[in-house]
Amino acid sequence: MPSPDPSHHRGALIPATVSRTAQPAPSAVDTSRPFGAHLRMSWWKPFVLVLALPLVLVVLQVLAYQLVGVIEGSDDPLSPELTPLKSLAVNLATGATGLVAVLLLVWMTRVPWRALFSSRRAFDRGRLAHYAIGAALMVGAGAGVVGAVAPTSTGWTTFAISGTTIAFLTITLLTTPIQAAGEELIYRSVMLPAAASWVRPVRPALAVGLVVSALGFAVVHGSTDPWLAGYFTVVAVSTGLMAILSGGMEAPIAFHVVNNVLFGVISNVMSGGGTTTIDRATDTGDASLLVLVAVNVGMVALVATYERRRRHTSGHPGAPRAR
């Protein structure tokens with residue numbers, strides 16, 4: 001009779017031991033929750049992101065302004081006068097911060113970077129194009145109404161095309177999309193879901209994410225005028241709602257890019273052929289901004305309607321219902 005082999009019995013225990021100790025780590029992405037509340041992370045990580053990203057943005061912009069000051073020989077590189085090179089510097093610094101935001105969140109949480117652009121579906125270029133067309137119609141109409149009913153509040157002077165104008169137009173068309181998309185990456189792709197991860201119930205989580213990301217967006221824009229500060233907050237909440245309703249970043253990116261490019265082009269050609277000035281101090285905003293608030297609300301309604309119709313007619317997944 002062969003003697004029992006102890007190693008056989010030990011080996012029989014190995015699979016059970018391995019199954020208990022080699023469990024995969026919980027995923028940082030919870031696909032049962034809507035976009036904007038779909039990430040899990042330690043409580044301290046959102047604090048790092050919420051505090052660090054605006055600081056990175058400001059530091060990069062100041063450094064970019066200083067570099068432009070050296071190139072242009074300016075005695076005051078931080079003056080509110082916006083030259084073509086300053087516009088380029090701001091746009092690239094903001095785009096770079098958006099990239100830093102994505103890389104930092106991916107590094108801290110090991111979340112797949114694609115999860116920062118859409119949830120429960122792939123990023124959809126068709127949605128991006130659809131929302132860009134809708135945004136162009138709405139923003140164009142809003143700009144026309146403001147120009148007609150409150151021309152003095154726009155800062156637009158006279159139509160002129162000069163070398164400076166062409167330089168501004170080139171930079172606006174080529175790099176303003178980078179700037180607008182960069183802001184969306186910072187505040188809607190990263191900061192919104194990071195802040196929402198503090199709360200487990202879905203609706204309160206989304207509310208926390210919207211409030212934190214909107215306030216961060218408004219504060220960094222640095223306006224002391226209540227109309228402008230309120231408007232920046234509305235823009236941030238609106239684009240956050242677009243992301244949540246659509247389950248991805250196509251709508252907020254499309255709206256933000258179209259809005260900034262259209263207003264940039266109009267400001268370029270209506271600046272009398274010269275430079276422009278960034279002035280967000282007290283008394284620089286007025287009730288005409290309510291027209292642009294209506295544009296934001298209209299875009300949110302467009303996104304909600306389109307996503308509802310898409311779910312009902314084509315079976316494509318949209319934003320999952322909050323629970």
Side-chain angles (χ1 to χ4, degrees), residues 44-72 74-108 116 168 171-172 175-195 209-237 239-240 249 252-253 256-257 259-260 263-264 267 275-282 284-285:
W44 58 270
K45 293 179 181 179
F47 278 111
V48 173
L49 294 165
V50 168
L51 296 176
L53 292 178
L55 180 62
V56 171
L57 177 59
V58 171
V59 169
L60 287 182
Q61 288 187 348
V62 169
L63 291 176
Y65 269 19
Q66 295 291 347
L67 177 60
V68 169
V70 172
I71 295 173
E72 295 181 337
S74 172
D75 295 330
D76 184 11
L78 300 181
S79 69
E81 181 186 8
L82 189 66
T83 65
L85 279 182
K86 277 189 176 182
S87 178
L88 175 65
V90 169
N91 290 347
L92 295 182
T94 306
T97 306
L99 181 60
V100 168
V102 170
L103 294 177
L104 184 58
L105 180 55
V106 169
W107 176 73
M108 292 174 67
L116 303 182
F168 267 124
I171 290 168
T172 297
T175 66
T176 294
I178 297 173
Q179 172 266 329
E183 288 192 327
E184 289 307 310
L185 293 180
I186 297 166
Y187 295 101
R188 262 62 73 181
S189 283
V190 173
M191 196 176 292
L192 190 159
L210 283 172
V211 169
V212 172
S213 60
L215 291 179
F217 182 83
V219 168
V220 167
H221 279 75
S223 176
T224 58
D225 179 82
W227 282 105
L228 280 176
Y231 174 67
F232 290 134
T233 304
V234 168
V235 170
V237 171
T239 48
M249 291 298 298
I253 288 175
H256 203 150
V257 168
N259 181 80
N260 287 15
F263 274 100
S267 297
T275 59
T276 59
T277 300
I278 302 175
D279 187 3
R280 294 172 179 162
T282 304
T284 52

Participant: Can you measure from CG (L82) to OH (Y65) and round to the nearest 0.5 angstrom?
Facilitator: 5.5 Å

Participant: First locate atom CG of L85, then atom CD1 of I171, and finally report the distance between them rounded to the nearest 0.5 Å.
Facilitator: 6.0 Å

Participant: Applying side chain to side chain donor-acceptor pair (under 3.5 Å) as the test, list every pair that has at least one member in residues 97-108; sequence neighbours left out.
Facilitator: none

Participant: Tell me, please, which residues at least two apart from E184 pass salt bridge (charged side-chain N to carboxylate O under 4.0 Å, His left out).
Facilitator: R188

Participant: Between atom CG of L103 and atom CE of M108, what is the distance when rounded to the nearest 0.5 Å?
Facilitator: 13.0 Å

Participant: Do T239 and Y187 come close enough that some side-chain heavy atom pair is under 4.5 Å?
Facilitator: no

Participant: Checking T277 now: which residues fulfil side-chain hydrogen bond (donor to acceptor under 3.5 Å, both in side chains) with it, not counting sequence neighbours?
Facilitator: none

Participant: Mind checking side chain to side chain contact (heavy atoms under 4.5 Å, CB included) for L185 and listing every partner two or more places apart, or none if nothing turns up?
Facilitator: V102, F117, S189

Participant: Enumerate, atom names and distances included, each donor-acceptor pair closer than 3.5 Å involving a side-chain atom of residues 49-62, sequence neighbours excluded.
Facilitator:
unit_1, atom_1, unit_2, atom_2, d
Q61, NE2, T94, OG1, 3.1

Participant: Taking the side chain as C-beta and beyond, is there a heavy-atom pair between L192 and L210 under 4.5 Å?
Facilitator: yes

Participant: How far apart are the closest heavy atoms of G209 and A195, and which atoms are they?
Facilitator: CA-CB, 4.0 Å

Participant: I'd like to check the side-chain hydrogen bond (donor to acceptor under 3.5 Å, both in side chains) partners of S87; sequence neighbours left out, ordered by chain and number.
Facilitator: none

Participant: Looking at residues at least two apart in the chain, or sitting in another chain, which of them share a side-chain hydrogen bond (donor to acceptor under 3.5 Å, both in side chains) with Q66?
Facilitator: none

Participant: Is a side-chain N or O of K86 found less than 3.5 angstrom from the main chain of P77, in a donor-acceptor match?
Facilitator: yes

Participant: Only counting residues at least two apart or in another chain, list the ones meeting side chain to side chain contact (heavy atoms under 4.5 Å, CB included) with A218.
Facilitator: F232, T233

Participant: With sequence neighbours left out, write down each residue that passes side-chain hydrogen bond (donor to acceptor under 3.5 Å, both in side chains) with T175, or none if nothing qualifies.
Facilitator: N91

Participant: Does the side chain of V106 reach to within under 4.5 Å of the side chain of L116, using non-hydrogen atoms?
Facilitator: yes

Participant: Holding to side chain to side chain contact (heavy atoms under 4.5 Å, CB included), I want the full list of residues that pass it with N259, two or more places apart in sequence or in another chain.
Facilitator: V139, Y231, F263

Participant: Is it the case that over 12 heavy atoms from other parts of the model lie below 6.0 angstrom from the CG atom of D75?
Facilitator: no

Participant: With sequence neighbours excluded, what pairs up with S267 under the side chain to side chain contact (heavy atoms under 4.5 Å, CB included) test?
Facilitator: W156

Participant: Within this structure, what is the CD1-CG distance for the pair I178 and L88, rounded to the nearest 0.5 Å?
Facilitator: 9.0 Å

Participant: Is H256 close to M249 at the side-chain level, that is, under 4.5 Å between some pair of heavy atoms?
Facilitator: no

